[in-house]
Amino acid sequence: MTASAATIDVSLPDGSVRTLPQGSTGLDLAKSIGSRLAKAAVATVINGAESDLGIQLPSGAVVAIITSDSDAGRHVLRHSTAHVLAQAVLQLYPGAKFSIGPAIEDGFYYDFDLPGAATFSDDDLSKIDSKMREIIKAGQPFVRSEMSSADALKLFVDQPYKCEIIERVTTGAADGTDVSEVQAGDVVSVYRNTETFVDLCRGPHVATTSALGHFALMKVAGAYWRGNEKGPMLQRIYGTAWESKSALDEHITRLAEAEKRDHRKLAVEMDLLSFPQELGGGLAVWHPKGAIIRKLMEDYSRHRHQTGGYQFVFTPHIANAELFETSGHLHFYKDGMYPPMEMDNGTYYPKPMNCPMHCLIYRDRQRSYRELPLRLFELGTVYRYERAGTLHGLLRIRGFTQDDSHIFCTEDQMADEITSLLDFVLSVLRQFGFEDFEFKLSTRDPDKSVGTDEIWGKATTALREALERHGVQYSVKEGDAAFYGPKIDIDVRDAIGRKWQLSTIQCDFNLPERFGLEYIGADNARHRPIMLHRALFGSVERFFGVLLEHYGGAFPTWLAPVQVRVLAVTSGHEAYAQSLVDQLVAEGFRVDTSTADEQLGKRIRSAKLERIPYVLVVGDDDVAHQTVGVNPRGGEVVRDVKFSAFAEQLRVETQSAANISGLRG
RNA sequence: GCCGGGUUAGCUCAGUGGUAGAGCAACCGCCUUGUAAGCGGUAGGUCGUGGGUUCAAUCCCCACACCCGGCUCCA
């Protein structure tokens, strides 16, 4: 058999079969299909397994080419760029130890341990960037080899983190953070770029560093080794990498767009709220324009709860330690609580949750099964001690208000209740413009939980059934539940595709037990109710922050702090403008005007920057004919609209919210 | 809490070991204006707080507070 005569057949994803010379690689296959494909190819999938382009194809294999503009291809680019980063750092900082460097969404990172516990500063990034570009220019090959764990341990004898990864794989202790480096088993693979630089890695990688180059180093950060805060703090460098200059530029532009929507920035620009330093970290004050939006959100929430079978309650902000002993918070949640206040008749804590107080309301008198499900609702403000470094605008603060409800029901009612809750949650979220949801089912962490296996099983099943009845996709997060029971968390996607966790539905059989809650059943015996915790906004503050970013500050008319601004062309038209303002305000709309000291164009610009939904311009013609010029946000100007017609359109647009809040809007 | 970077006028940001500047906003005039910036003027800051070094600190050092990016944690 001569090599030149021998051929192999491989089949492609579309089912077609190609014949290639024996010994052909993925790259050869790509070339045989087309030069553009060959240029874009970064790796192959051979019989379902990702491999390097240079791997010889076995006959009969099913082969797909991974191109750089696919998710999988970018993953390869990013992972390979991470190796280049590691090589650059090891060259520039002799004695540095490298640990892990995976591809992540939109980029990659690599964690290092610098000699003498040195740290990176932002200035180091440009130096590292230049070195990386040298490496890329040199066109170093990525050469794969496989070896036994024992040999690998010798190869990485000076690299303790690599050795730890190898050992964990060998002993079967590997977890998710290891799999980007190595596959399970006793054989590990390494990729060598130069005499001196070799990295433990499962691959695949691009053929040479020349295939890279459209990258940017983004930021430096500390990161715990293996995410363990008791472990060493490593130095992490984040980067992003793309298949082309234009894709990289687009990504940078997207980041800039997201930054423009940053709720902290918009809150300042739009005068919605602030975090005065004297107030302390993670505590906000609401200015009038932010407060009116919040009030409308809360009014809407109250209305939906009132018509949705809930009863309103109010509870205080602090409670005696005894209450939190009973609830178990002082045992399971103490780290998340504000420190205690000593008073003459005991120790008091600000409440981190509303549930214990709602339990007290339930327990105040005997309950009958006829009362269940009993749904208690409160916009309850809670205080949680969040560690200083975790605070983040409105999305992570120390004092916040939950649209909180605790539903007491029988075990039999639990599944139906959860099912209808899901409808309720989604219908409320849709009112705020969210359409794209993701569901997560969190299950028990045996080390951090109370209750029997049986009841956990029952509750988890009820949640799962509710999700399945809705026919929605959901992911399971093992061990992510609260200490008292399993839960469903709902993420929403906002207008620019980012995910936010908002709503939560949680089962609890712990608190009814701890508080000794009971109801008298139809059988005249005492039974223990199940308790469901649920919040739709989650936290009003966080929801507001998400909403602000979702709308980019351009709140829909029913929520906008100022819905209409009437502008007189000259001061001679101000009386007419004011009469329109008065008519709309009398109907409950939020409308204002500004005097004609500035030029019209400038006043319109100001209104646009404030993101006011409608600007009405009135001049001579309008005074004469009871009309207005309508300049809607994001739309075209229409002249000579009858004012009555505009007012009617405004009524229709805001109708659903109007009868809820008592305000137009 | 940990690692890194910050904090200068209401906002966005320059700047210097010898007690500070721009643009926008504000205020006052002039202009009376038809759909995103008319012109001129005035006022506004103990340079985050407290210590230290120095003849002299907004600038250098230390501590603290707060903010930003991550890690950990989380509504």
Side-chain angles (χ1 to χ4, degrees), chain A residues 109 111 114 117-125 218-238 259 262 264-265 268-269 271 274-283 333 335-336 352-353 382 384-398 400-404 480 482 487 489 500-504 506 533 535-543 545-546 567-574 595-610 615-622 628-632 636-640:
Chain A
Y109 67 80
D111 286 350
L114 297 179
T119 55
F120 290 122
S121 72
D122 287 332
D123 298 336
D124 292 310
L125 286 187
M218 305 301 282
K219 53 206 172 195
V220 298
Y224 297 109
W225 170 235
R226 297 196 170 286
N228 172 8
E229 63 179 312
K230 307 247 169 12
M233 168 72 63
L234 304 177
Q235 291 291 304
R236 175 171 299 180
I237 294 176
Y238 282 95
E259 202 174 319
D262 191 306
R264 294 163 300 189
K265 196 180 160 79
V268 173
E269 268 175 33
D271 192 18
S274 58
F275 292 90
Q277 187 172 332
E278 302 90 309
L279 198 53
L283 298 169
Y333 202 76
D335 291 347
M353 295 187 194
V382 297
R384 297 187 186 173
Y385 173 69
E386 300 290 347
R387 297 200 287 178
T390 66
L391 299 172
H392 182 91
L394 283 174
L395 304 182
R396 190 76 184 278
I397 60 186
R398 286 182 173 156
F400 60 96
T401 302
Q402 295 181 303
D403 59 333
D404 206 2
D480 233 28
K487 61 174 178 174
D489 287 326
W500 307 94
Q501 202 221 297
L502 299 173
S503 313
T504 183
Q506 310 181 349
H533 306 238
L536 312 188
F537 295 155
S539 130
V540 176
E541 286 80 355
R542 173 181 285 182
F543 193 81
V546 170
L567 299 179
V569 174
T570 74
S571 47
H573 313 116
E574 281 178 5
T595 53
D597 310 332
E598 305 276 9
Q599 284 197 312
L600 181 62
K602 179 154 186 180
R603 285 177 284 146
I604 288 170
R605 177 179 151 82
S606 299
K608 294 292 179 186
L609 291 175
E610 288 178 52
V615 177
L616 302 186
V617 173
V618 294
D620 287 338
D621 299 345
D622 300 297
V628 293
V630 180
N631 185 335
E636 296 292 312
V637 173
V638 186
R639 292 280 302 269
D640 305 320

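Chain naming here is simple, since letters A, B, ... match the order of the sequence lines and numbering starts at 1 in each.
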Original post:
What distance, rounded to whole Å, do you find between the two C1' atoms, one in B/rC28 and one in B/rG34?
Top reply: 27 Å
**OP:** Could you check whether A/Gly231 gets within reach of a base, just the sugar-phosphate, or nothing at all, counting any heavy atom under 4.0 Å?
**Re:** nothing
**OP:** Using a strict cut-off of less than 4.0 Å between a Lys/Arg side-chain nitrogen and an Asp/Glu carboxylate oxygen, indicate whether A/Glu229 and A/Arg387 qualify as a salt bridge.
**Re:** yes
Original post:
If you measure from the P atom in B/rA22 to the same atom in B/rG44, how many Å do you get, rounded?
Top reply: 13 Å
Subject >> Residue pairs fulfilling salt bridge (Lys or Arg N to Asp or Glu O under 4.0 Å) with at least one residue in residues 388-397 of chain A, sequence neighbours excluded >> reply: A/Glu386-A/Arg396
Original post:
For A/His573 and A/Asp622, does a side-chain donor sit closer than 3.5 Å to a side-chain acceptor?
Top reply: no
**OP:** Using a heavy-atom cut-off of under 4.0 Å over every strand shown, decide if A/Phe275 touches base, sugar-phosphate, or nothing.
**Re:** nothing
Original post:
Which value, in whole Å, describes the distance between the C1' atoms of nucleotides B/rC11 and B/rC3?
Top reply: 31 Å
**OP:** May I have the distance from A/Leu600 (atom CG) to B/rC31 (atom P), rounded to whole angstrom?
**Re:** 19 Å
Original post:
Just by distance, do the side chain of A/Asp403 and the backbone of A/Leu536 share a donor-acceptor pair under 3.5 Å?
Top reply: yes
Original post:
Cut-off 3.5 Å, side chains only: do A/Tyr238 and A/Arg236 have a donor facing an acceptor?
Top reply: yes
Subject >> Separation of B/rG5 C1' from A/Met218 CE (nearest whole Å) >> reply: 15 Å
Original post:
What is the base-pairing partner of B/rC31, counting Watson-Crick and G-U wobble geometry with both distances under 3.5 Å?
Top reply: none
Original post:
Is A/Gln506 reaching over with its side chain to a backbone N or O of A/Ala482, donor-acceptor style, under 3.5 angstrom?
Top reply: no
Original post:
Checking all strands, does A/Asp335 fall into the base, sugar-phosphate, or nothing category for heavy-atom contacts under 4.0 angstrom?
Top reply: nothing
Subject >> Whole-Å P distance, B/rC59 and B/rG6 >> reply: 15 Å
Original post:
Can you tell me the Watson-Crick or wobble partner of B/rA65, both distances under 3.5 angstrom?
Top reply: B/rU7
Original post:
For A/Lys608, which contact category applies under a 4.0 Å heavy-atom criterion: base, sugar-phosphate, or nothing?
Top reply: base
Subject >> Protein-nucleotide distance (A/Arg264, atom CZ; B/rC66, atom C1'), rounded to Å >> reply: 14 Å
Original post:
Between B/rG38 atom P and A/Arg605 atom CZ, what is the distance in whole Å?
Top reply: 9 Å
Original post:
Under 3.5 Å, is there an N or O donor on one side and an acceptor on the other linking the side chain of A/Asp620 and the base of B/rG34?
Top reply: no
**OP:** Specify the separation, in whole Å, of atom CG of A/Leu391 and atom C1' of B/rG1.
**Re:** 12 Å
Subject >> Pair assignment for B/rC60, Watson-Crick or G-U wobble, requiring both distances under 3.5 Å >> reply: B/rG52
Subject >> C1'-based separation of B/rG40 from B/rU35 [nearest Å] >> reply: 26 Å
Subject >> Nearest-Å distance for atom pair CD/C1', residues A/Glu610 and B/rA37 >> reply: 15 Å
**OP:** Output the distance between atom CZ (A/Arg605) and atom CD (A/Glu598), rounded to the nearest 0.5 Å.
**Re:** 12.0 Å
Original post:
Side chain of A/Lys602: nearest nucleotide among B/rA37, B/rC3, B/rG34?
Top reply: B/rA37
Subject >> Nucleotide B/rG70, atom P - distance to CD1 of A/Ile237 in whole Å >> reply: 16 Å
Original post:
Looking only at atom P, what distance separates B/rG69 and B/rA26, rounded to whole Å?
Top reply: 30 Å
**OP:** Locate the shortest heavy-atom distance separating A/Phe275 from A/Leu283; write the atom from each residue and the value.
**Re:** CD2-O, 3.3 Å
**OP:** Give none if B/rC47 has no partner; otherwise give the nucleotide forming a Watson-Crick or G-U wobble pair with it, both distances under 3.5 Å.
**Re:** none
Original post:
Can you list the steps and then say if A/Arg542 with A/Leu394 is a side chain to side chain contact (heavy atoms under 4.5 Å, CB included)?
Top reply: CA-CA 5 Å; A/Arg542 173 181 285 182; A/Leu394 283 174; 6.0 Å; no
Original post:
Of the nucleotides B/rU35, B/rG1, B/rG69, which has the atom closest to the A/Tyr385 side chain?
Top reply: B/rG1
**OP:** Could you tell me which nucleotide pairs with B/rC74 by Watson-Crick or G-U wobble geometry, both distances under 3.5 Å, or answer none if nothing does?
**Re:** none
Original post:
Does B/rA20 have a Watson-Crick or wobble mate here (both distances under 3.5 Å), and if so which one?
Top reply: none
Could you pull out the protein-nucleic contacts involving nucleotides 71-75 of chain B (nitrogen or oxygen on both sides, under 3.5 Å)?
residue : atom : partner  : partner atom : Å
B/rC71  : O4'  : A/Gly222 : O            : 3.2
B/rC71  : O2'  : A/Tyr224 : N            : 2.9
B/rC71  : N4   : A/Gly389 : O            : 3.4
B/rU72  : O2'  : A/Glu229 : OE2          : 3.0
B/rU72  : O2   : A/Arg387 : NH2          : 2.7
B/rC73  : O2   : A/Arg396 : NH1          : 2.8
B/rC73  : O2   : A/Arg396 : NH2          : 2.3
B/rC73  : N3   : A/Arg396 : NH1          : 3.0
B/rA75  : O3'  : A/Gln501 : NE2          : 2.9
B/rA75  : O3'  : A/Arg542 : NH1          : 3.1
B/rA75  : O2'  : A/Arg542 : NH1          : 3.2
B/rA75  : N6   : A/Glu386 : OE2          : 2.8
B/rA75  : N6   : A/Ile397 : O            : 2.7
B/rA75  : N1   : A/Ile397 : N            : 3.2
B/rA75  : N1   : A/Ile397 : O            : 3.2

Original post:
What nucleic acid atoms does A/Gly281 come within less than 4.0 Å of, heavy atoms only: base, sugar-phosphate, or nothing?
Top reply: sugar-phosphate
**OP:** Describe the nucleic acid contact of A/Ile604 in one word from base, sugar-phosphate, nothing, applying a heavy-atom distance below 4.0 Å.
**Re:** base
Subject >> Pairwise C1' distance, B/rA9 and B/rU42 [rounded to whole Å] >> reply: 15 Å
**OP:** Using the P atom as the reference point in each nucleotide, state the distance between B/rG1 and B/rA56 in Å, no decimals.
**Re:** 35 Å
Original post:
How do A/Glu269 and A/Glu598 order along RNA chain B: which one's closest nucleotide is nearer the 5' end?
Top reply: A/Glu269
Original post:
What is the pairing partner of B/rA37, taking Watson-Crick or G-U wobble pairs with both distances under 3.5 Å in any strand?
Top reply: none
Subject >> CA sep, side-chain torsions, deciding dist, call: A/Asp480, A/Lys487, salt bridge (charged side-chain N to carboxylate O under 4.0 Å, His left out) >> reply: CA-CA 9 Å; A/Asp480 233 28; A/Lys487 61 174 178 174; 5.8 Å; no
**OP:** Just call it for A/Gly545: base, sugar-phosphate, or nothing, with non-hydrogen atoms closer than 4.0 Å on any strand.
**Re:** nothing
Original post:
What's the CD-C1' distance between A/Gln277 and B/rC64, to the nearest Å?
Top reply: 10 Å
Subject >> First of A/Ala388 and A/His573 reached from the 5' end of RNA chain B, by closest nucleotide >> reply: A/Ala388
